[in-house]
Each structure stands twice: as structure tokens, then as C-alpha cells.
Chemist: 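Here it is, the structure in full.
Letters go in sequence order (proteins before strands), and every chain restarts at 1.
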Amino acid sequence: MSAPDETDLRAAEYVLGTLSADERAAYRHERAASPALRAAERAWEARLAPLSDAVPAVVPPPGAWEGIAARLPSAAPRSGAGAAPPWRRARSPRASACSSRSSASCPRSSDPRPTRRSTSRW
Amino acid sequence: MLRVEDRPPEDPPGAPEAAVLADLIARVATGRQDALRAIYDRTAPKLFGLILRIVRDRGAAEDVLQDCYLRVWQNAAGYAPEAGRPMAWLAAIARHRAIDWVRRKSEVPMPASDDGDEDWLQRVADPRDREAEFLNRDALLTCLERLEPTQRDCVVRAYCEGLSREELASHYDRPVNTVKTWLHRGLASLRGCLDEAA
């Protein structure tokens, strides 16, 4: 009884977000080899998901999409889909060198279009 | 930028948002960047709200938001509709990216936010603030109401604000182990109640 409970509570706390960085890393390591942990995690995500409705939506800064598009693999324009948008033609090498893992500390991609990036802090 | 309540005109009449999102995720899995853009247009304000509440810094939240959609791009093939609704899958990616960011940022707990009296449960219950996305909303609310108030507050504030055990301990001025016990009891009770309701 205690072992399943332990598995379930670890998954629950991972989903809740209360674990430390080290504990989160250890959890993910263990999860890779544990179908039970993955199942428990899925169940907790589903249980708690309605809480995410409590958090008000906020429109992201203009230019946020362009930062994403600049880091997608460059794709040939689809037939009939028109030319690639300007940000895709002017990719920033610095931005593309940033992996998704480390990008929170990456330099912002140089967006060829003028942006009005907010500097306010929350 | 679309507002949350906007519906792009190309929706098939009556198509539930979940089905539309699931279809778009399936297209992203085949490498369709336009589908990722469509998901972004539909969900970015919701995900940015979740991220910003946890990260509490607009510049960092924008970085995390971008990471989040790149993660959607990379992992779309792993989305299984039977494992959960698409909005829950997207929200989980956003929350976990944001929580990773705040946990990495500093080992020193962030000060508790000023708006500690925010009534998250009231917001969940408020029909203006929700789409009919989560079918188990009422059961969750009922079961949360049955928890000890402190256990409930810990669970809800951890989920909505991304607080760690240490931050909760600091907020309640109690030892971390006490908070851990509250969390575990609260989560176990919650699960028992929800399983009963199911």
C-alpha cells in the first residue's frame, strides 16, 4: 500500500509543481523507466487541469510568435501557400543556435520587424 | 493577436474547440508550421497567462512561452487524445516549462506574491472565466471544498502560482516538512474524493 501511495504522491507533487529543481530532475529520470509514474502523472494532470481556468489569460507581447517562427526549421514554402513570411527569410543565426532547453537565457532573436516589446515587470 | 473569446472564422460549425485543437496538434506532428501558428493564435493568451503568473516577469515569460510552443512543435507526435484533452496537454507543457524556469532561476525561494488573497477557486467557478473545457471541474471544486482550508490553499496556490514547498512554508511560517505533510494529505484526500465521485 505504501509503495503505490508514494508513487502517486510523487507524481502529484510533480504535477503540482512543488518539487525542487533537483527533485524534478530525479522524478523525470525515474519516470522514463516507470509506466506507473507516467500513468499517475497523467491522472493528476487531468484531475487538476480545471484549476488552470482560474488563471486569467494575458495577451503575449507582439513579436512573441516571430521568436518562435525564427527557431522552427526552415521549410520550403508550400505550393499555393505563398511566400514565406519575412521573419522566416531573415532568420537570426544567434537565435537558431539556441536550443529550446537553454533558450530562457538565450539572446532574443533579432526580429526584422519593429516590435514594441513591453519591459514592464510583474 | 486574438482575444480568448474570439473564434477564427474557419471553424466548422459547432466543432468543439478540443477537436479542433486535437486536429491541429496532429497536423503539427506532420511538420505543418501553419498548424502550430493556428494553435498559437488560439491558445497563446491562455498559456501566457499561466506562465506569467508563475514566472512573474514579462520578458522571461515571453521566453518561456516561446520554449513552450517549440516543445509543442517537437512533441506533437507524442500527444495521444485519449490521454487527455488538448488544452490540458498544452497547459501542462506551459506550467512545467514555467516551473522549471523558476526552480532553476534561484535556489532561494521567491518572496510570496503580494496578492495572496486571490480567490482562485472563485475564479474557477466563475462561468465568465472558463470555457466548457474541463468536464471534471465541478467534481474538483466540490472535492477541494472538502479539504482542510490550509491543505486546499497549499494545493491551489502551488498549482496556480507555482509556489514551491519552501515558498509555501515561508508564506505560512511553518516548517517545510509540515507543508509537505499538508500537501500529501491534501492530495491524497483529493484523490480519494475524486475517485469516489467518478
Chemist: Hey, can you pull the donor-acceptor pairs under 3.5 Å for the side chains in residues 186-195 of chain B, sequence neighbours left out?
Modeler:
residue : atom : partner : partner atom : Å
B:S189  : OG   : B:R185  : O            : 2.8
B:R191  : NE   : B:D195  : OD2          : 3.2
B:R191  : NH1  : A:D8    : OD1          : 3.0
B:R191  : NH1  : A:D8    : OD2          : 3.0

Chemist: Heavy-atom distances under 4.5 Å only: say whether B:L36 touches chain A with side chain, backbone, both or neither.
Modeler: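 Contact with chain A involves both backbone and side-chain atoms of B:L36.
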Chemist: Between A:R10 and chain B, which part of the residue has a heavy atom less than 4.5 Å away: side chain, backbone, both or neither?
Modeler: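 The answer is neither part of A:R10.
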Chemist: Just by distance, no angles: are the side chains of B:E161 and B:H171 close enough, under 3.5 Å, to form a donor-acceptor pair?
Modeler: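 On atom types as modelled, these side chains do not qualify, holding no pair under 3.5 Å.
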Chemist: What part of B:L50 lies closer than 4.5 angstrom to a heavy atom of chain A: side chain, backbone, both or neither?
Modeler: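 For B:L50, the contact with chain A is made by backbone and side chain together.
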Chemist: Which bit of A:R24 is near chain B, if near means a heavy-atom gap under 4.5 Å: side chain, backbone, both or neither?
Modeler: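 The side chain, not the backbone.
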Chemist: For a quick check under 3.5 Å, do B:S170 and B:E167 share a side-chain donor-acceptor pair by atom type?
Modeler: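 Result is no, nothing qualifies.
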Chemist: Determine, step by step, whether A:R71 and B:D67 satisfy the salt bridge (charged side-chain N to carboxylate O under 4.0 Å, His left out) criterion, reporting the C-alpha distance in whole Å, the side-chain angles of both residues, the deciding distance to 0.1 Å, and the verdict.
Modeler: CA-CA 10 Å; A:R71 286 158 60 190; B:D67 269 356; 3.0 Å; yes
Chemist: Between the side chains of B:Y69 and B:T43, is a donor N or O closer than 3.5 angstrom to an acceptor N or O?
Modeler: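 The answer is yes; a qualifying pair exists.
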Chemist: Less than 4.5 Å to any heavy atom of chain A: does that hold for the side chain of B:L47, its backbone, both, or neither?
Modeler: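 No part of B:L47 comes within 4.5 Å of chain A.
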Chemist: Please flag which part of B:V179 lies under 4.5 Å from any non-hydrogen atom of chain A: side chain, backbone, both or neither.
Modeler: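 Neither the backbone nor the side chain of B:V179 comes within 4.5 Å of chain A.
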